[in-house]
Amino acid sequence: MNHPSPSSTAQDPLKAADARRLILDGLSPVTGSERVELHAALGRVLAQDVIAPLDVPMHDNSAMDGYAVRAEDLRAGSETMLAVVGSALAGHPFAACLGAGEAVRIMTGAVIPDGADTVVMQEIVRREDDRIFIPAGQQKGRNLRRAGEDLAAGSVALAAGRRCGPAELGLIASLGIGEVVVRRRLRVAFFSTGDELASIGQPLAPGAIYDSNRHTLSGALARLGCELLDMGIVPDRPAALEAAFAEAAGTADVVITSGGVSVGDADFIRELMARMGEVSFWKLAIKPGRPMAFGRIGDAVLFGLPGNPVATMVSFYQFVQDALLSLMGVTPLPPAERFAVRADFALRKPAGRVEYLRGRLLRDGTEPGVTLAGAQGSGVLRSMSEADCLIVLPEDCTSVQAGDTVFIQPFHGLV
Ligand code: AMP
Ligand code: MG
């Protein structure tokens, strides 16, 4: 890995895009793979190409309910009468070969009988007993799905690096494949730092608060399919932190901490981490989530996220998630989703930093809009829960007026 620079000694805060690039450059995927049963591949990353062992579909088949015919039988200028000699249903092909002047009743998905080359949809056909009348003007080859049209035998159905979602499971199943080789899971150790933090079930001392970051992180990590190593809460003591970092870096591929990286705290943590590995502290030109550490201790990649609960989540999604996907072997990385919508709020902001606001999409107008989801303090988790998107205001933006176009990143999609 390149040593990430510049470090926090630089005066200017680092731009979000530069931080992302510094993080993503120089990460290489975990090695090691395992063969898993198809359903267990959900969320996993293919370690090998999946090659189609057969054509999909295997046979030319009908895309419509109608009649399979020979185009050469159809008259160009007038109606054609054909004799219906049988039927073909999905899973029940017509056994014989279609002769001159003959048609076969055919349903969607049924194999096109030998001799037939065209399907005429039933809606335009007039039937009288075992005879049909087809209007003029039919085109040869219509309403067929060709063998191999979806995937040709021998072709790459899914390339290594693809993360399996429901569509991929279905595609693999359609090839008759029941097991795939996937990268091993990424092992991620995480802990919260702070003398004020208590775990659920512990009594709250005066001034103490419950640790929420470990739970947002474990949720986000579990959704990515990581193997979780929850190391609990570590107090703000150098010896305890050193022991925790050493243990985490010795067992995990990635170590994620929250808290302790703000200006006052960072000094002693920086000293500690600098001794243990290669770590840079950054002041990022973003809000929320200004302080952040990134680097490596031993073989483990380290992310030191800010402690404020919303800042933890925002920096996780902006900087950590794609790094984890990259380490998991996902290639190419999914493009950053950004959609332009109409702002239904107004605010001012200083130039020079990216702001991530919690937003709620408005879907009732003619074009989608977005409004603010409650108070925007970086400790207000409720607004994160009530939001369904982040509104991303770029560095050069200094104000938003109602009606302006802003960019959002939606939280949920069809996944
Ligand atoms: P720090 O980055 O350690 O200075 O923390 C910034 C703010 O986030 C402080 O108000 C902390 O109490 C709060 N905080 C830090 N870690 C957590 C956590 N794990 N859960 C909830 N709040 C936290
Ligand atoms: Mg702290």
Side-chain angles (χ1 to χ4, degrees), residues 19-20 23-24 27-34 36 40-45 47 161 163-165 182-194 197 199-200 210-234 244-245 247-261 288-289 292-331 333-334 336-337 356 381 384-385 387 390 409-413 415:
R20 273 181 62 86
I23 290 169
L24 291 173
L27 292 179
S28 39
V30 291
T31 52
S33 57
E34 57 182 323
V36 297
L42 184 66
R44 305 293 297 272
V45 181
R163 189 155 175 247
C164 292
V182 295
R183 296 243 187 205
R184 74 163 172 82
R185 285 185 195 278
L186 196 64
R187 284 192 287 273
V188 183
F190 56 103
F191 56 86
S192 297
T193 71
L197 301 179
S199 288
I200 299 165
Y210 287 117
D211 170 13
S212 58
N213 290 343
R214 240 166 357 110
H215 301 278
T216 46
L217 286 175
S218 86
L221 292 168
R223 277 222 301 224
L224 289 176
C226 298
E227 192 182 316
L228 308 189
L229 301 163
D230 181 345
M231 296 181 55
I233 297 167
V234 178
F245 278 121
E247 186 193 336
T251 46
D253 302 303
V254 180
V255 181
I256 303 177
T257 66
S258 70
V261 290
M292 179 168 158
F294 170 67
R296 208 172 265 259
I297 295 181
D299 289 333
V301 176
L302 173 81
F303 293 94
L305 304 184
N308 268 311
V310 176
T312 304
M313 290 191 79
V314 166
S315 20
F316 180 88
Y317 287 126
Q318 302 304 322
F319 303 107
V320 184
Q321 180 158 288
D322 278 355
L324 298 181
L325 290 172
S326 175
L327 290 166
M328 287 161 62
V330 174
T331 48
L333 283 177
E337 290 213 75
Y356 303 93
L381 255 191
M384 200 70 192
S385 162
L390 285 179
Q409 296 176 327
F411 286 164
H412 302 292
V415 285

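Both backbone and side-chain heavy atoms feed into the values below; hydrogens, waters and symmetry mates do not. Note that the coordinates shown come from a computational prediction; the quantities given were computed from them, not determined experimentally.
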Can you check whether [X] reaches [Y] side chain to side chain, under 4.5 Å on heavy atoms?
X	Y	answer
Val320	Ile256	yes
Leu325	Pro334	yes
Leu381	Met313	yes
Arg187	Thr251	no
Phe411	Leu390	yes

CZ-OG1 distance between Arg183 and Thr31, expressed to the nearest 0.5 angstrom
8.0 Å
Between the CE atom in Met328 and the CG atom in Asp322, the distance rounded to the nearest 0.5 Å is 11.0 Å
Does Phe245 have any ring-ring contact (aromatic ring centres under 6.0 Å, His included) partners at least two apart in sequence or in another chain, and if so, which?
Phe191
With distance as the sole test, does Arg185 use its side chain to make a donor-acceptor pair with the main-chain N or O of Gly225 at under 3.5 Å?
yes
Okay, side chain of Arg20, backbone of Gln318: is any donor-acceptor separation there less than 3.5 Å?
yes
Closest heavy-atom pair and its distance - Phe303, Ala323
CZ-CB, 3.6 Å
Residue pairs passing the side chain to side chain donor-acceptor pair (under 3.5 Å) test with at least one member in residues 215-228, sequence neighbours excluded, are none
